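Here the structure comes first, spelled out in structure tokens, and everything after it is commentary.
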Amino acid sequence: MTEHLLRIGVENGVEGRSLVWALDHPGCFAYGADSAQAVVNILPAFLKYIEWANRHSPECWLNEITDFDIRFTDTWEVYHINDRYESVAAGPNTRTVNAWFRDDWRPLTEEDVHRAGLLLQWARADLLEAVQGASDAELDAQHPGERWSVQGILKHVAGAEWWYLTRLGQTTLRREELPEDAFARLQVVRQALLQALPGWVGSTTVLGVDGEFWSPRKLVRRALWHELDHVGHICRLLIA
């Protein structure tokens, strides 16, 4: 049994909510109406994350953690910028600047990259399992209050991951060159990410793109969050 230090970063203003990130555990996160609630919610979220990882791999590196303490390390207030990089109110022609934590400067180690590959594999398995057996009608169905159908969400997951890769110059594919089929798009983009991962070991690359900093660690953090967040989203739509 190992007592574990759970380092967290708080991002406020994510679509009107707060989002807590477990900085050493990509794919572990929790929302809350405010930062206090999100911090409370990271406790059960981390326990579920351990269960999730152990379900995919009984010999997972997390399987001996039975107790942990939380350490707050950083906070970020989401803001919006215009084309002159001025901070402005959100609008149709503005860009959102999401969290850049001090931890995102930290280069990925070989162990980080190995684990990221496994976590990405498990997240993709969950995504495909969520839509397994769904008919074309179910995948294309429109749901009240939802921007996309399930098919649209799948394309969005792939498109976002492609966009993350462009932040670090890791793909030569243009958006219009991505496959139209959602599953083919997911596969092509994920292959590009997996090919990029080994080259990030020890990389100190940090790029500023469109007013936002990006690093390999931030990209991994956001890619896993985004896919797992939408796995839950898809499950809710298909069950409804």
Side-chain angles (χ1 to χ4, degrees), residues 8-21 23 26-27 29 31 35 38 73-108 112-113 116 120 123 147-148 152-180 182 185-186 188-230 233:
I8 63 170
V10 179
E11 184 173 4
N12 295 315
V14 181
E15 297 181 347
R17 300 178 290 178
S18 291
L19 173 57
V20 167
W21 304 81
L23 297 175
F29 57 90
Y31 292 104
S35 58
T73 67
D74 210 349
T75 189
W76 180 273
E77 302 292 334
V78 171
Y79 62 95
H80 306 273
I81 57 175
N82 59 21
D83 57 4
R84 294 186 298 277
Y85 300 95
E86 299 166 333
S87 181
V88 294
N93 298 315
T94 62
R95 292 191 293 270
T96 303
V97 181
N98 288 111
W100 172 259
F101 297 122
R102 288 186 294 273
D103 189 69
D104 291 324
W105 287 98
R106 191 161 53 96
L108 294 170
D112 290 329
V113 165
L120 287 163
R147 181 178 179 184
W148 299 295
I153 294 171
L154 295 175
K155 290 185 177 181
H156 168 66
V157 169
E161 193 165 289
W162 167 85
W163 185 81
Y164 296 153
L165 287 167
T166 68
R167 305 299 86 183
L168 289 179
Q170 292 296 318
T171 180
T172 58
L173 278 173
R174 298 193 301 270
R175 185 182 291 275
E176 59 269 22
E177 294 176 326
L178 296 177
E180 180 60 28
R185 183 176 297 195
L186 285 164
V188 165
V189 176
R190 177 52 54 84
Q191 186 62 33
L193 174 51
L194 293 178
Q195 287 177 346
L197 267 178
W200 289 340
V201 173
S203 173
T204 57
T205 295
V206 174
L207 297 179
V209 186
D210 294 335
E212 184 174 355
F213 281 132
W214 286 87
S215 68
R217 185 172 293 277
K218 176 176 176 176
L219 189 150
V220 168
R221 170 169 67 79
R222 288 190 62 86
L224 277 159
W225 155 76
H226 192 251
E227 182 154 16
L228 288 170
D229 195 39
H230 279 299
H233 185 192

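Note that the coordinates shown come from a computational prediction; the quantities given were computed from them, not determined experimentally.
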Would you say [X] and [Y] make side-chain contact, with heavy atoms under 4.5 Å?
X	Y	answer
His226	His156	yes
Thr73	Asp103	no
Val188	Arg185	no
Arg190	Glu161	yes
Val97	Trp76	yes
Leu219	Arg167	no

For the atom pair [atom1] ([X]) and [atom2] ([Y]), what is the distance rounded to the nearest 0.5 Å?
X	Y	atom1	atom2	value
Leu178	Trp162	CG	CH2	6.5 Å
Asp210	Tyr85	CG	OH	5.0 Å
Leu228	Leu120	CG	CG	9.0 Å
Leu168	Leu207	CG	CG	5.5 Å
Gln195	Thr171	CD	OG1	9.5 Å
Leu154	Glu227	CG	CD	9.5 Å

Of all residues at least two apart in sequence or in a different chain, which pass the side chain to side chain donor-acceptor pair (under 3.5 Å) check with [X]?
X	answer
Arg175	none
His233	Glu146, His230
Asp104	Arg221

Please report the shortest heavy-atom distance between [X] and [Y], naming the atom on each side.
X	Y	value
Ala38	Ser18	CB-O, 3.9 Å
Phe101	Leu23	CD1-CD2, 3.8 Å
Asp112	Arg217	OD2-NH2, 2.8 Å
Arg95	Asp83	NH2-CA, 4.4 Å
Pro216	Thr205	CD-O, 3.4 Å
Val10	Ser35	CG1-CB, 3.7 Å

Is the number of heavy atoms from other residues, nucleotides or ligands under 6.0 Å of Glu177 CD greater than 12? yes
Might you confirm whether atom OH of Tyr31 has over 12 heavy atoms from other residues, nucleotides or ligands at distances under 6.0 Å? yes
Phe29 and Trp21 aromatic ring geometry - parallel, tilted or perpendicular at 30°/60° bounds: tilted
Check for me whether the distance between the ring centres of Trp214 and Trp100 falls short of 6.0 Å. no
Side-chain donor/acceptor of Gln170 to backbone N/O of Ala196, under 3.5 Å: no
Before you tell me yes or no, could you show the steps for Leu193 and Val189 under side chain to side chain contact (heavy atoms under 4.5 Å, CB included), namely the whole-Å CA-CA distance, both residues' side-chain angles and the distance that decides it to 0.1 Å? CA-CA 6 Å; Leu193 174 51; Val189 176; 5.8 Å; no
